[in-house]
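These notes concern the structure reproduced below.
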Amino acid sequence: MALGRCAVRVDGVVQGVGFRPFVHGLARRFGLAGFVGNDSRGVFVEVEGTSEALNAFVTALRAEAPPLAVIDDVRVTSVPATGAIGFEIVASPAGGEAATLVSADSATCVDCLAELRDPGDRRYRYPFVNCTNCGPRFTIVRGVPYDRPLTTMAGFALCAECKLEYEDPGDRRFHAQPVCCPACGPRLVFSGGGEPIESTVDSLAAGAVVAVKGLGGYHLAVDAANETAVAALRGRKHREDKPFAVMVPDLTAAREIAEVDEIAAAALTGHRRPIVLLPRVANGPLAPSVAPGNRRVGVMLPYTPLHHLLLGDLGRPIVLTSANVSDEPIVYRDEDAFARLSGIADAFLTHDRAIHTRTDDSVVRVWRDRVQLQRRSRGYVPEPVTLRSRLTEHILGCGAELKNTFCLAKDTHAFLSHHIGDLDNYETFKAYETGIAHFRELFDLTPTVVAHDLHPEYLSTKYALDLEDVELVGVQHHHAHIASCLADNGEAGPVLGVAFDGTGYGTDGTLWGGEFLKADLAGFDRLAHLAPIRLPGGTTAIRQPWRMAAAYLDAADAQSTALRARHEDQWEDLLRLARTGLASPLTSSAGRLFDAVAAVLGVRDEINYEGQAAVELEQLADPSEGSAYHCEQTPTELSGVDLLRAVVEDLDHGTPRAVVAARFHNGVAEAITETCTYLRDTTRLQTVALSGGVFQNLLLLERTVASLEHTGFRVLTHSRVPTNDGGISLGQVAVAASRTTRPGRHPGSR
């Protein structure tokens, strides 16, 4: 029978996921000869055999890929037969442009968990058990191709037994790069001595704060039921109110503290293992200080063998929060951990496997039967977002100032970074610079086009302006939000874009934040916005929402006796400041309107974390309330003053605060719909894209989408990237790509 031979090129997430062993097994199954290997582009294969066997091989290659693999493309080319015998995995060649994709870190698989719990297995209770289907990937990778010498496992020489597994094509650990065991792999150490797991569990049970070295950095852990311990952690970390995430042993335990539906359960137990924001169960076994005043709680399940051991032995939930001080990035180096966390942690559980790239836990929520990312990091990064068309240039999107991510893109792949944080301190900015350098090396990217925000004082903008020999593309903040939503949904526009957030630098030099745009990827027109109002004291008003309330009350010719009484000594001075405009720029910010209402309702006069007033206002609102406040609208402006005045009037009539808060939310949703309906008549656009941090508010999002859909609109929302500023860098890349590949378009607003 005549033999044929074909060369197969596989692109996608195909390294570090057991793809070569999988191919080896397929070749043996179909009686084929040849070889498979990794290179800087992905996986290459040559197979030789009968035409029937070759066809079956290619079909199975696509249909039966390993669970962590993501195949973007399979290209098959006929080549001359050589009479080869046998099939082998060949060494990775050096050189060539890196075009392969790197897998994200993955939760421990069921097979490894079975070994972890089996007293007869040599990896029984070994906290670093892994295989080709699970374990560390992105956090340990130093370069490509993904082979052990280019990971932080390079210093751990394989013992004889692990080497046999690594070289056995029939073994689950065949060419699993992080493979190890108690004889040859990393080891745990507890700072106080003793058996590490047992000592850590005893410390947690006694109320101690323990710093635990995890997959992408250190966490701070305490017993989630111990109010004294949780309160101590809050005090030491200077985190007054922001909710803590909780890790629970399993789904049963998760359901004791939160409402878990089918979609949430799938997210909790999937291989990405993010923090899932869930409705909190009343009177659950959590200390009050875990999530004070919040109807939701962030829940995650163990995603490393170490977590499984700790939670299994302790038998109850623990707070597991990023180990840092205030707004600094998560600590991931051992020496930094001991230096920076010594005043926070009572003890340290560490190990000797280095972390190359720090990554926070990802955060998601479930809305309308789908998962929406709120923070995209561990478990998702660095898997790319696929772009609509192939890029002709390498592009860097520098991102925003808050909740920063960067995005590097080439071909059809946009590599959105892990969560960096707020670029307002040296440590975070250094993490930003280091992250960009690592992504450039990992994906062999040299950006020739660099997109940045228009705000001249953003550190991300200054980073872009300091680069040499690149084409700079300034992208207006809210246009980037809408472009991000379009890219998230694989669309190009044009759409009616509603971008509601805290602050963004407008093309007219004022602070925008309540915007209605006609937008596509290349440009935008600002069609309408919230009526501007003064921001008394500038950025101070962001930290002190009562200032926004005073400005809105003055504009509405309304009074809040209780609010004024709380700030009587500053009230008149503040009003003079706002009326004169001194240190009080105009803003159309929707976020500041929510702040003002929160202060008038007595929810929050000052905030301890970004967006806190709006978060607590949403928590206050009665979701069963259906009526709404009305605001006057012109073709270009919506009156937030009218909504604030209605709030005051209802309060004066004794309406419960929860009802007032709900009517305000409903009023904003109706105002958005009325404005979009008017703009549809003038633009003939039937699709609305919603973006910006204000739409993290689930009550507002649900009411707005329902109202728009009821009025006949098609509505785009975020799912794969955050609606907040964490998605800005992707929008910047999408805009820059559209402008640089479509010459002749206006480089700004139209």
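Every value quoted in this text rests on a predicted model; they were computed, and no experiment measured them.
Checked against a 6.0 Å centroid threshold, the rings of F439 and F415 do not count as neighbours. For Y505 and H477, the ring centers sit 6.0 Å or farther from each other. Residues F429 and Y432 place their aromatic rings such that the two centres sit under 6.0 Å apart. The distance between the ring centers of H413 and F443 does not fall below 6.0 angstrom.
Proximity of V688 to L690: side-chain heavy atoms (C-beta onward) are separated by under 4.5 Å at one or more points. No side-chain heavy atom of V721 sits less than 4.5 Å from a side-chain heavy atom of Y380. Side-chain atoms of T683 and L496, non-hydrogen and from C-beta on, do get closer than 4.5 Å to each other. Here the side chains of V603 and F594 are not in contact, with every heavy-atom distance at 4.5 Å or above. You'll find the side chain of T359 reaches within 4.5 Å of the side chain of F138, heavy atoms only. Counting heavy atoms from C-beta outward, H394 and R440 have side chains that stay 4.5 Å or more apart. In this structure, the side chains of P585 and T587 stay at 4.5 Å or more apart for every pair of heavy atoms. When side chains are defined from C-beta on, E471 does not count as touching T448, because their heavy atoms never get closer than 4.5 Å.
At a cut-off of 3.5 Å, with distance as the only test, no side-chain donor of H630 or D642 sits close to an acceptor on the other residue. Remark: the T687 side chain and the R714 side chain contain an N/O donor-acceptor pair separated by less than 3.5 Å. No donor-acceptor contact under 3.5 angstrom links the side chains of S639 and E632, judged on distance only. Using modelled atom types and a 3.5 Å distance limit, the side chains of W512 and Q476 yield no donor-acceptor pair. Side chains of D725 and H481: a donor on one and an acceptor on the other come within 3.5 Å. When only modelled atom types and interatomic distance are considered, E401 and S460 share no side-chain donor-acceptor pair under 3.5 Å. Q612 and E616 form a side-chain donor-acceptor contact under 3.5 Å, judged by distance and modelled atom types alone.
Side-chain N or O atoms of R375 include one that pairs as donor or acceptor with a backbone N or O of D361 at under 3.5 Å. D525 places no side-chain N or O within 3.5 Å of a backbone atom of L527 that could act as its donor or acceptor partner. No donor-acceptor pair under 3.5 Å is formed between the side chain of S589 and the backbone N or O of G513. Using modelled atom types, no side-chain atom of T461 and backbone atom of L459 make a donor-acceptor pair closer than 3.5 Å. S707 places no side-chain N or O within 3.5 Å of a backbone atom of T704 that could act as its donor or acceptor partner. Distance alone, capped at 3.5 Å, places no donor-acceptor pair between the N489 side chain and the E491 backbone. Not a single donor-acceptor pair under 3.5 Å links the side chain of Q372 to the backbone N or O of W367. Here the side chain of R365 pairs no donor or acceptor atom with the backbone of L277 at under 3.5 angstrom. Between the side chain of S484 and the backbone N or O of L730 there is no donor-acceptor pair closer than 3.5 Å. Judged by distance alone, with hydrogens and angles left aside, the side-chain atoms of S588 form no donor-acceptor pair with the main-chain N or O of P532 at under 3.5 Å.
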Exercise for review: Go through the steps to decide whether Q696 and T723 satisfy the test side-chain hydrogen bond (donor to acceptor under 3.5 Å, both in side chains), and finish with yes or no.
Suggested key: CA-CA 7 Å; Q696 291 180 118; T723 189; over 6 Å; no
| message | Please evaluate residues T717 and R370 with respect to the criterion side-chain hydrogen bond (donor to acceptor under 3.5 Å, both in side chains), reporting the C-alpha separation (whole Å), side-chain torsions for both, the decisive distance (0.1 Å), and the verdict. | response | CA-CA 11 Å; T717 58; R370 70 171 179 169; 2.3 Å; yes
Give the C-alpha distance, both sets of side-chain angles, the deciding distance and a yes or no for side chain to side chain contact (heavy atoms under 4.5 Å, CB included) between Y458 and L423.
CA-CA 8 Å; Y458 279 6; L423 300 183; over 6 Å; no
* Evaluate the side chain to side chain contact (heavy atoms under 4.5 Å, CB included) criterion for residues L601 and V660: first the C-alpha distance (whole Å), next the side-chain angles of each, then the deciding distance (0.1 Å), finally the verdict. => CA-CA 8 Å; L601 285 174; V660 174; 3.7 Å; yes
field: Intermediate values then yes/no, side chain to side chain contact (heavy atoms under 4.5 Å, CB included), V597 and V600
entry: CA-CA 5 Å; V597 173; V600 169; 5.7 Å; no
| Working for side chain to side chain contact (heavy atoms under 4.5 Å, CB included), residues V450 and I395 | CA-CA 6 Å; V450 176; I395 301 176; over 6 Å; no
* Where do T405 and H418 land on the side-chain hydrogen bond (donor to acceptor under 3.5 Å, both in side chains) test, with the steps shown first? -> CA-CA 6 Å; T405 62; H418 47 299; over 6 Å; no
Worked check of side-chain hydrogen bond (donor to acceptor under 3.5 Å, both in side chains) between H665 and N697:
CA-CA 10 Å; H665 279 80; N697 183 318; 2.9 Å; yes
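The salt bridge (Lys or Arg N to Asp or Glu O under 4.0 Å) search around R579 returns D554, not counting sequence neighbours. Looking at residues two or more places apart in sequence or on another chain, you find a side-chain hydrogen bond (donor to acceptor under 3.5 Å, both in side chains) between R272 and E383.
Of all heavy-atom pairs between A555 and I533, the closest is CB-CD1, 3.9 Å. D360 approaches S322 most closely through the heavy-atom pair OD1-OG, 2.8 Å. Heavy atoms only, all atoms of each residue included: R720 and V385 are closest at NH2-CG1, 3.6 Å. Closest non-hydrogen pair, L517 versus R526, comes out as CD2-CA, 3.8 Å. A pairwise comparison of heavy atoms in A661 and L617 identifies CB-CD1, 3.9 Å as the closest pair. The shortest non-hydrogen separation linking Q732 to G399 is OE1-N, 2.7 Å.
Classification of E670 and R703 as a salt-bridged pair fails, no side-chain N sitting under 4.0 Å from a carboxylate O. The residues E709 and R368 are annotated as salt-bridged, a charged nitrogen and a carboxylate oxygen being separated by less than 4.0 angstrom. Ion pairing between a basic and an acidic side chain is recognised when a charged N comes within 4.0 Å of a carboxylate O; E427 and K430 show no such pairing. Using a cut-off of 4.0 Å between Lys/Arg side-chain N and Asp/Glu carboxylate O, R604 and D241 are scored as salt-bridged. Salt bridge present: K403 and E610 bring a charged side-chain N and a carboxylate O closer than 4.0 Å.
Rounded to the nearest 0.5 angstrom, N294 CG and R296 CZ are separated by 8.0 Å. Atoms CG and OG1, from L535 and T510 in turn, are 11.5 Å apart once rounded to the nearest 0.5 Å. For the atom pair K518 NZ and I482 CD1, the distance stands at 14.5 Å (nearest 0.5 Å). Atom OH in Y463 sits 7.0 Å away from atom SG in C398 (nearest 0.5 Å).
Summarising the local packing, CG of D557 is surrounded by 12 or fewer heavy atoms from other residues, nucleotides or ligands at distances under 6.0 Å.
Ring-plane geometry between F500 and F516 is classed as perpendicular, the angle between the planes exceeding 60 degrees on a 0 to 90 degree scale with a lower cut at 30.
Both the sub-6.0 Å distance and the 45° axial angle are satisfied by R680 relative to the ring of F713.
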